[in-house]
> 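Below are the structure tokens for one structure; questions will follow.
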Amino acid sequence: MAKGITKRSEDYAKWYTDVIFAAQLADYAPVRGCMVIRPNGYAIWEKMQQALDRLFKETGHMNAYFPLFIPESFMKKEAEHVEGFAPECAVVTHGGGKKLEEPLYVRPTSETIIWSMYKNWIQSYRDLPILINQWANVVRWEMRTRLFLRTTEFLWQEGHTAHATAEEAEAETRQMLDVYRHFAETYMAMPVIAGVKTEKEKFAGAVRTYCIEAMMQDRRALQAGTSHNLGQNFAKAFDVTYQTEGGTREYVWATSWGVSTRLIGALIMTHSDDQGLVVPPKLAPLQTVFVPIWHGDDERARSLERADALTSDWKGKLSFKIDERENYRPGWKFNEWEKRGVPIRIEMGPKDLEKDVVVLVRRDTGEKREVPQSQLLDVVLQTLDAIQQSLYDRALKYREEYTFYEDDYDSFKKKIDDPGGFFWIHWCGDRACEDRLQDETKATIRAIPLDKIEEEGRCLLCGNASHERVLAAKAY
RNA sequence: CGGGGCAUAGCGCAGUCCGGUGAGCGCACCUGCUUUGGGAGCAGGGGGUCGCAGGUUCAAAUCCUGCUGCCCCGACCA
């Protein structure tokens, strides 16, 4: 079974790419570090986009589009920002056969070009807030790439908002983090820890970075989304001020937030198994596949006719497909749809036709059950909900099983390698201890949780006083 | 950028050490027949500038020189 997919227990990294190829989500492109997102993979991204886009609009945002190219001088206006991003940027030096007067950076993120425009759009407190989102591609010249998790070019959305007050900007930052948390948990069935990044880990140019962190099946952490409170840093860099109700001039407060096609990698590594992809029903491009089984032409006609009749009122209620291909046998089809992660498979052969039943198979558990044809739609809809819930529960249980409270550094060093996982540790807040942790264990402080774990303790590294626990893990 | 590996049909590989037999094997693909409840069987068929550029030789996938690309492991990162 599952020919061509390496077992997770043998080689997790190999398993990950095997699943991607088996489900035809993506392919390597002829350009180093770049990937082609194939229709099966892009369909998942589209489902994610639909859900997120709706959530953004419900919270008052509108979509817009800004240029791919950013003048070098813009990149250099915010000191931390340029330091963080310039080394990993692609730069265009020639156009139309001529050397450009000023090099153009291919956007690694759009704060600078967007704030150069906000400067023109904002004069008065009446112009605020500006709540814009952009769906775009960005380029970061990473040294090492992995399909979906880190590619030279990737797709994402980036929200960029402008506010009159610090409080409003902070509220927006937190609101969007919450949107991400909701999306991860409800749609991706992926439990996450929401928290604040340390100074070392925060976004280049931000005052504060919030994030959601998820545990993958190899017990490493994956940052699944970020929301930044940018303070007045970009407003100052681009001289964006507004006139208050009282007539004074103030710098504008900013936020930015984003999730990327990395979420597809997160989805794979949260739910999929040694048989291939597993997609939660809410993000599955195809939720149910119907595989009629027949011997001979008469039976084939009868089978297909019944399948059509049974699904006649399904349109608009769920996405489904009747696999009527003649050139593949049922076993081949079962395997094919399993690899592709379709949540429910319905088998209906001559024996079932006689009894007016079908066999319904769950992708997540492999469980098979006979279902009377008269109840099929109800059972399918219920089962889709049950799968969605059960995937979340399973992922949460797994995370909890590998989440530890750890106060002994030697013990930590052992456990971070085997079995690995999430570690709630005490940390004094000092950068030196954070650096040492990473140097000595490869683990990093992923987040200071929003659901605070307040208790007195001693820093795992230096032994100084600590008042709350932080999340440490090895990360992607 | 450091370390390792690979480049021969769409994919995965053998052949290279030791130059010479008609460039082969599995999967995939095409045609036909039989099949169809967990990756079907038989028969026939198509598909290759052996990564690129030089060199040695009567003769190069194979030997020599140079180049290029990709993958994996580390440091950087969504």
> Mind checking A:Thr226 for me? I need base, sugar-phosphate or nothing, with any heavy atom below 4.0 Å counting as a touch.
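No contact.
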
> What integer number of Å spans the P atoms of B:rG51 and B:rA60?
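So the two P atoms sit 15 Å from each other.
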
> Could you label the plane-to-plane angle of the A:Tyr402 and A:Tyr398 rings as parallel, tilted or perpendicular, counting under 30° as parallel and over 60° as perpendicular?
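The rings of A:Tyr402 and A:Tyr398 sit tilted, inter-plane angle from 30° to 60°.
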
> Would you tell me whether A:Gln175 and A:Glu172 have side-chain atoms, one donor and one acceptor, within less than 3.5 Å of each other?
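Result is yes, a qualifying pair exists.
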
> Let me know the distance between CG of A:Leu149 and P of B:rA78, rounded to the nearest Å.
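Atom-to-atom, A:Leu149 to B:rA78, this comes out as 13 Å.
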
> Does A:Thr145 or A:Gly331 map to a spot on RNA chain B nearer the 5' end, using the closest nucleotide for each?
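Between the two, 5'-proximity favours A:Gly331.
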
> OP1, OP2 of B:rC72 versus side-chain N and O of A:Tyr28: anything below 4.0 Å?
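Checking B:rC72 against A:Tyr28, a side-chain N or O does come within under 4.0 Å of OP1 or OP2.
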
> Between atom CD in A:Glu111 and atom C1' in B:rA78, what is the gap in whole Å?
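Rounding to the nearest Å, CD of A:Glu111 and C1' of B:rA78 are 12 Å apart.
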
> Considering only the C1' atoms, how many Å lie between B:rC1 and B:rA75, rounded to the nearest integer?
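Pairwise C1' distance, B:rC1 against B:rA75, rounds to 9 Å.
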
> Within residues 289-304 of chain A, find the residues that approach RNA chain B with a heavy atom at under 4.0 Å, and present them sorted by residue number.
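Output list: A:Ile293, A:Trp294, A:His295.
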
> Would one find a side-chain N or O of A:Lys333 under 4.0 angstrom from OP1 or OP2 of B:rG37?
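For B:rG37, neither OP1 nor OP2 has a side-chain N or O of A:Lys333 closer than 4.0 Å.
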
> Residues from residues 350-362 of chain A sitting under 4.0 Å of RNA chain B, heavy atoms only?
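Correct list: A:Pro350, A:Lys351, A:Asp352, A:Val359.
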
> What integer distance in Å separates A:Gln134:CD from B:rA78:C1'?
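These atoms are roughly 16 Å apart.
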
> When you compare the side chains of A:Glu434 and A:Thr198, does any donor N or O come within less than 3.5 Å of an acceptor on the partner?
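There is such a pair (donor and acceptor under 3.5 Å, judged by atom type) between the side chains of A:Glu434 and A:Thr198.
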
> Would you mind building the protein contact string for nucleotides 3-13 of chain B? One character per nucleotide, 5' to 3', B for base within reach (heavy atoms under 4.0 Å), S for sugar-phosphate only, - for untouched.
-----------

> Looking only at atom C1', what distance separates B:rC25 and B:rC50, rounded to whole Å?
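So the two C1' atoms sit 15 Å from each other.
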
> Looking only at side-chain N and O atoms, does A:Arg329 come under 4.0 Å of OP1 or OP2 in B:rG37?
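Yes.
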
> Nearest whole angstrom, please: distance from the C1' of B:rC76 to the CD of A:Glu201.
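Distance, rounded to whole Å: 11 Å.
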
> Only counting residues at least two apart or in another chain, list the ones meeting side-chain hydrogen bond (donor to acceptor under 3.5 Å, both in side chains) with A:Lys47.
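If we apply the side-chain hydrogen bond (donor to acceptor under 3.5 Å, both in side chains) test to A:Lys47, skipping adjacent residues, there are no hits.
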
> Between side-chain atoms of residues 350-359 of chain A and protein atoms elsewhere (two or more places apart, or another chain), which donor-acceptor pairs fall under 3.5 Å?
{"unit_1": "A:Asp352", "atom_1": "OD2", "unit_2": "A:Gly349", "atom_2": "N", "d": "2.9"}
{"unit_1": "A:Lys355", "atom_1": "NZ", "unit_2": "A:Glu370", "atom_2": "OE2", "d": "2.9"}
{"unit_1": "A:Asp356", "atom_1": "OD1", "unit_2": "A:Arg306", "atom_2": "NH1", "d": "3.0"}

> Between B:rA78 and B:rC11, how many Å separate the two P atoms, rounded to a whole number?
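One P to the other, the span is 34 Å.
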
> Name the nucleic acid region contacted by A:Arg146, choosing base, sugar-phosphate or nothing; use a 4.0 angstrom heavy-atom cut-off, strictly under.
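No contact.
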
> Could you tell me how far B:rG47 sits from B:rG26 if I compare only their C1' atoms? Round to whole Å.
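B:rG26 and B:rG47 have their C1' atoms separated by 16 Å.
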
> For B:rG44, give its Watson-Crick or G-U wobble partner with both distances under 3.5 Å, or none.
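Matched B:rG44 with B:rC30 under the 3.5 Å cut-off.
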
> For the ring pair A:Trp257 and A:His61, is the centre-to-centre distance below 6.0 Å?
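Centroid distance A:Trp257-A:His61: below 6.0 Å, so yes.
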
> Hey, can you tell me if A:Phe21 and A:Tyr28 have their rings parallel, tilted or perpendicular (30° and 60° cut-offs)?
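Ring orientation of A:Phe21 relative to A:Tyr28: tilted.
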
> Look through every strand shown and name the nucleotide pairing with B:rG74 as Watson-Crick or G-U wobble, where both distances are under 3.5 Å.
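The answer is B:rC1, by the H-bond criterion.
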
> Under a 3.5 Å cut-off for both contacts, is B:rU36 paired Watson-Crick or G-U wobble with anything, and if yes, with which nucleotide?
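Per the H-bond distance test, none.
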
> For B:rU35 versus B:rC42, give the span between their C1' atoms, rounded off to a whole number of Å.
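Those two atoms are separated by 11 Å.
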
> Give a yes-or-no answer on whether the side chains of A:Tyr328 and A:Asn335 include a donor-acceptor pair shorter than 3.5 Å.
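No, because no side-chain N or O of A:Tyr328 sits under 3.5 Å from a partner of the opposite role on A:Asn335.
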
> Using ring centroids (six-membered ring only for Trp), state whether A:Tyr118 and A:Phe238 fall under 6.0 Å.
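Centroid distance A:Phe238-A:Tyr118: not below 6.0 Å, so no.
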
> Once hydrogens and angles are ignored, does a donor-acceptor distance under 3.5 Å link the base of B:rG39 to the side chain of A:Glu336?
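Such a pair does not exist between side chain and base.
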
> Any side-chain donor paired with an acceptor under 3.5 Å for A:His228 and A:Thr209?
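The criterion, which ignores hydrogens and geometry beyond distance, is satisfied for A:Thr209 and A:His228.
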
> Compare the minimum distances between each of B:rG38, B:rC73, B:rC29 and the side chain of A:Tyr328, then state the nucleotide with the smallest one.
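That would be B:rC29.
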
> Kindly state whether the ring of A:Phe234 and the ring of A:Phe74 have centres lying under 6.0 angstrom apart.
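Distance test on ring centres: not under 6.0 Å, no.
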
> Find which nucleotide of RNA chain B each of A:Lys200 and A:Lys368 is nearest to by heavy atoms, and output the residue with the more 5' nucleotide.
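The 5'-side residue here is A:Lys368.
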
> Considering only atom P, compute the distance from B:rG2 to B:rA9 and round it to an integer number of Å.
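Result for the P pair: 30 Å, nearest Å.
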
> Just the rounded figure in Å: distance from P of B:rC73 to CG of A:Asp218.
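The answer, rounded to whole Å, is 12 Å.
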
> In whole Å, I'd like the distance from the CD1 atom of A:Ile346 to the C1' atom of B:rG38.
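To the nearest whole Å, that distance equals 18 Å.
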
> Starting from C1' on B:rA78, measure out to CD1 on A:Ile268 and report it in whole angstrom.
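It works out to 15 Å between those atoms.
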
> Under 5.5 Å between ring centres and under 30° between planes: true for A:Phe154 and the base of B:rA78?
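Base of B:rA78: stacked against A:Phe154.
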
> Considering only the P atoms, how many Å lie between B:rG10 and B:rU16, rounded to the nearest integer?
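23 Å, rounded to whole Å.
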
> May I have all residue pairs that pass ring pair (Phe, Tyr, Trp, His ring centres under 6.0 Å) and include part of residues 272-303 of chain A, sequence neighbours excluded?
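Pairs touching residues 272-303 of chain A that pass the test: none.
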
> Using a heavy-atom cut-off of 4.0 Å across all strands, would you classify A:Thr152 as base, sugar-phosphate, or nothing?
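It contacts nothing in the nucleic acid.
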
> Where the side chain of A:Lys442 is concerned, which of B:rG74, B:rC29, B:rA78 is the nearest nucleotide?
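Nearest nucleotide to the side chain: B:rG74.
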
> Side chain of A:Thr151, backbone of A:Glu153: donor and acceptor closer than 3.5 Å?
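At least one qualifying donor-acceptor pair exists.
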
> Strictly by Watson-Crick or wobble contacts shorter than 3.5 Å, is anything paired with B:rC13, and which nucleotide is it?
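When the pairing criteria are applied, B:rG24 turns out to be the nucleotide that pairs with B:rC13.
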
> Pairing check on B:rG69: which nucleotide meets the Watson-Crick or G-U wobble criteria with it, both distances under 3.5 Å?
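Its partner is B:rC6.
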
> Report the distance from atom CD1 of A:Ile20 to atom C1' of B:rC72, rounded to the nearest whole Å.
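It is 15 Å, rounded to the nearest whole Å.
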
> Is the A:Tyr12-A:Tyr16 ring centre distance short of 6.0 angstrom?
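No.
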
> Can you confirm whether the side chains of A:Thr255 and A:Thr161 place a donor and an acceptor under 3.5 Å from each other?
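Indeed, the side chains of A:Thr255 and A:Thr161 share at least one donor-acceptor pair under 3.5 Å.
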
> Among B:rC76, B:rG38, B:rA78, which nucleotide has an atom closest to any side-chain atom of A:Phe334?
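Closest nucleotide among those given: B:rG38.
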
> Just checking A:Glu347: base, sugar-phosphate only, or nothing, at a heavy-atom cut-off of under 4.0 Å?
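Base: the residue A:Glu347, judged by heavy atoms under 4.0 Å, touches a nucleobase.
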
